[in-house]
Protein chains: 2
Amino acid sequence: MATHQNAEVILFPKHARQPTQHKRWLATILQTFQEHLVRQGLNLTRQREEILRCLMSADRHLSVEEVYDALKKQDPTLGRATVFRTVKLLQECGLVAEVGALNGRSKFELKADRPHHDHMVCIECSRIIEFQSPMMERFQDEAIRRQGFVALWHRHEIFGRCKNCQRPRRS
Amino acid sequence: MATHQNAEVILFPKHARQPTQHKRWLATILQTFQEHLVRQGLNLTRQREEILRCLMSADRHLSVEEVYDALKKQDPTLGRATVFRTVKLLQECGLVAEVGALNGRSKFELKADRPHHDHMVCIECSRIIEFQSPMMERFQDEAIRRQGFVALWHRHEIFGRCKNCQRPRRS
DNA sequence: CCGAAAATGAGACTCGATATCAATTTCATA
DNA sequence: TATGAAATTGATATCGAGTCTCATTTTCGG
Ligand SMILES: [Zn+2]
Ligand SMILES: [Zn+2]
Ligand SMILES: [Zn+2]
Ligand SMILES: [Zn+2]
């Protein structure tokens with residue numbers, strides 16, 4: 001467990017942050033969002049802040065519906081449309097990224113200052129494993145350059161069975 | 001143009017096949033499909049053959065709607081549902097693969113005996129560039145092994161601007 | 001031919017996501 | 001603080017890709 005060589009990237013490792021550090025990190029991200037909004041003549045509203053906080057405090061990838069359900073409890077007036085709109089804003093300013101899921105329901109993760117990584121998706125338990133492979137990215141960049149392509153983003157998802165879901169299948 | 005070192009993978013290079021070769025290739029794929037169907041107690045119908053032929057003769061990635069529109073002309077009774085059902089069958093037997101597109105409309109390509117490749121998608125003209133990177137695949141395999149994951153398939157798509165769409169953007 | 005099983009196509013339906021719009025909130029300005 | 005234009009919200013309607021239903025038609029072995 002101590003060999004972090006092959007360690008799975010942990011989503012939002014709150015436990016690895018001092019409370020004060022975490023608070024500062026949170027404030028920084030909120031500010032990033034606000035700056036993006038102000039740059040477009042928009043406001044950081046209560047709802048927008050709630051949604052960003054929800055994504056920041058999650059320890060896994062969430063769908064819009066999950067964010068909506070979670071916040072609806074403490075703010076019954078919240079509307080679905082606002083969550084969709086806000087997540088789109090967060091994507092535009094680079095704070096949030098879409099992680100396509102199996103069923104047509106997209107999930108989202110906070111990018112913020114986290115390093116780039118790709119995903120393995122378990123088709124049994126829907127678990128999402130994040131991983132990094134600098135070599136893979138390097139050869140990807142090379143392929144992009146060879147094509148004269150200008151890459152803006154990429155989506156690299158591997159589907160299969162995770163370590164826990166490889167028991168003999170039923171039926 | 002002769003240096004195939006960096007050559008883009010051409011989709012369905014008919015020009016590179018002798019007519020007789022092409023005919024044989026076509027027959028082989030049809031037979032593969034039929035064998036898969038028979039194995040499940042299903043029949044190779046006129047509609048199913050038409051749809052597979054359409055995908056085989058295309059020189060680019062098609063959506064279900066595009067296949068439907070193309071075939072509707074020569075067979076006005078064809079229904080959308082049949083195209084969806086057939087494409088799903090073709091995916092199940094490994095002849096066709098889904099290539100996720102920008103907008104929620106999926107596109108499909110004939111896998112058949114073509115080597116594995118990944119895709120760059122131009123967000124301006126929707127062109128899809130196929131490329132191969134054995135080194136990338138190699139390090140991907142390594143990452144998969146490290147996680148104890150069992151990979152069934154993967155989707156690696158790079159979004160950006162192709163060589164032809166890098167002019168200064170309007171407005 | 002016959003008949004069970006498979007296949008089809010029209011249309012209803014699902015559901016994630018978007019568009020509309022009246023009512024509310026925000027914020028710069030006075 | 002008051003004002004009003006602009007932004008925001010949420011209820012609702014709408015969209016659209018894909019699926020489901022089911023009555024009718026087709027297939028194919030016997
Ligand atoms: Zn990557
Ligand atoms: Zn799993
Ligand atoms: Zn690949
Ligand atoms: Zn292009």
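Source: prediction; values computed, not measured. Naming convention: chains lettered A, B, ... in sequence-line order (proteins, then strands); numbering from 1 in each chain.
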Original post:
Just checking, is any N or O donor in the side chain of B/E137 or B/Q140 under 3.5 Å from an acceptor N or O on the other one?
Top reply: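 Judged by distance alone, the side chains do pair up.
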Original post:
When you check the side-chain N and O atoms of A/E98 and A/S106, is any donor under 3.5 Å from an acceptor?
Top reply: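 Result is yes, a qualifying pair exists.
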Original post:
Under a 4.0 Å heavy-atom cut-off, which of residues 71-82 of chain A touch DNA chain C?
Top reply: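 Correct list: A/A81.
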**OP:** Enumerate the residues from residues 41-48 of chain B whose closest heavy atom to DNA chain C is under 4.0 Å, giving them by residue number; use none for an empty result.
**Re:**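 Contacting residues: B/G41, B/L42, B/N43, B/T45, B/Q47, B/R48.
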Original post:
Can you tell me how far NE2 of A/H36 sits from CG of A/L90, rounded to the nearest 0.5 angstrom?
Top reply: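 Between A/L90 CG and A/H36 NE2, I get 8.5 Å after rounding to 0.5 Å.
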Subject >> Straight-line distance of B/R53 CZ to B/L71 CG, nearest 0.5 Å >> reply: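 Going from CZ on B/R53 over to CG on B/L71, the span is 11.5 Å.
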Can you tell me the distance, in whole Å, between the [atom1] atom of [X] and the [atom2] atom of [N]?
X: A/L89; N: D/dA7; atom1: CG; atom2: C1'; value: 12 Å
X: A/E65; N: C/dC15; atom1: CD; atom2: P; value: 11 Å
X: B/Y68; N: C/dG11; atom1: OH; atom2: C1'; value: 12 Å
X: A/Q34; N: C/dT26; atom1: CD; atom2: P; value: 13 Å
X: B/Q40; N: D/dT27; atom1: CD; atom2: P; value: 20 Å
X: B/E50; N: D/dT26; atom1: CD; atom2: P; value: 14 Å
X: B/E49; N: C/dT8; atom1: CD; atom2: C1'; value: 16 Å
X: A/F84; N: D/dA11; atom1: CZ; atom2: P; value: 14 Å

Original post:
For C/dA17, does OP1 or OP2 lie under 4.0 Å from any side-chain N or O of A/S106?
Top reply: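 For C/dA17, OP1/OP2 do have a side-chain N/O of A/S106 under 4.0 Å.
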**OP:** Report yes if a side-chain nitrogen or oxygen of B/K88 is closer than 4.0 Å to either non-bridging phosphate oxygen (OP1 or OP2) of D/dT19; otherwise report no.
**Re:**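 Checking B/K88 against D/dT19: at least one side-chain N or O falls below 4.0 Å of OP1 or OP2.
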Original post:
Mind checking whether A/M120 and B/V150 sit in one hydrophobic cluster, side chains of I, L, V, M, F, W, Y counted as touching below 4.5 Å?
Top reply: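 Unlinked, A/M120 and B/V150 end up in two clusters.
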Original post:
Same cluster for B/L30 and B/L42 if Ile/Leu/Val/Met/Phe/Trp/Tyr side chains link at under 4.5 Å?
Top reply: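 Yes: a chain of side-chain contacts under 4.5 Å links B/L30 to B/L42.
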**OP:** Tell me whether the centres of the aromatic rings in A/H156 and A/H116 are closer together than 6.0 Å.
**Re:**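 No, too far apart.
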Subject >> Residues which pass ring pair (Phe, Tyr, Trp, His ring centres under 6.0 Å) with B/H119, listed by chain and number, not counting sequence neighbours >> reply: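 B/H61, B/H117.
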Original post:
Is the shortest side-chain N to carboxylate O distance from B/E109 to B/R60 below 4.0 Å?
Top reply: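 No salt bridge links B/E109 with B/R60.
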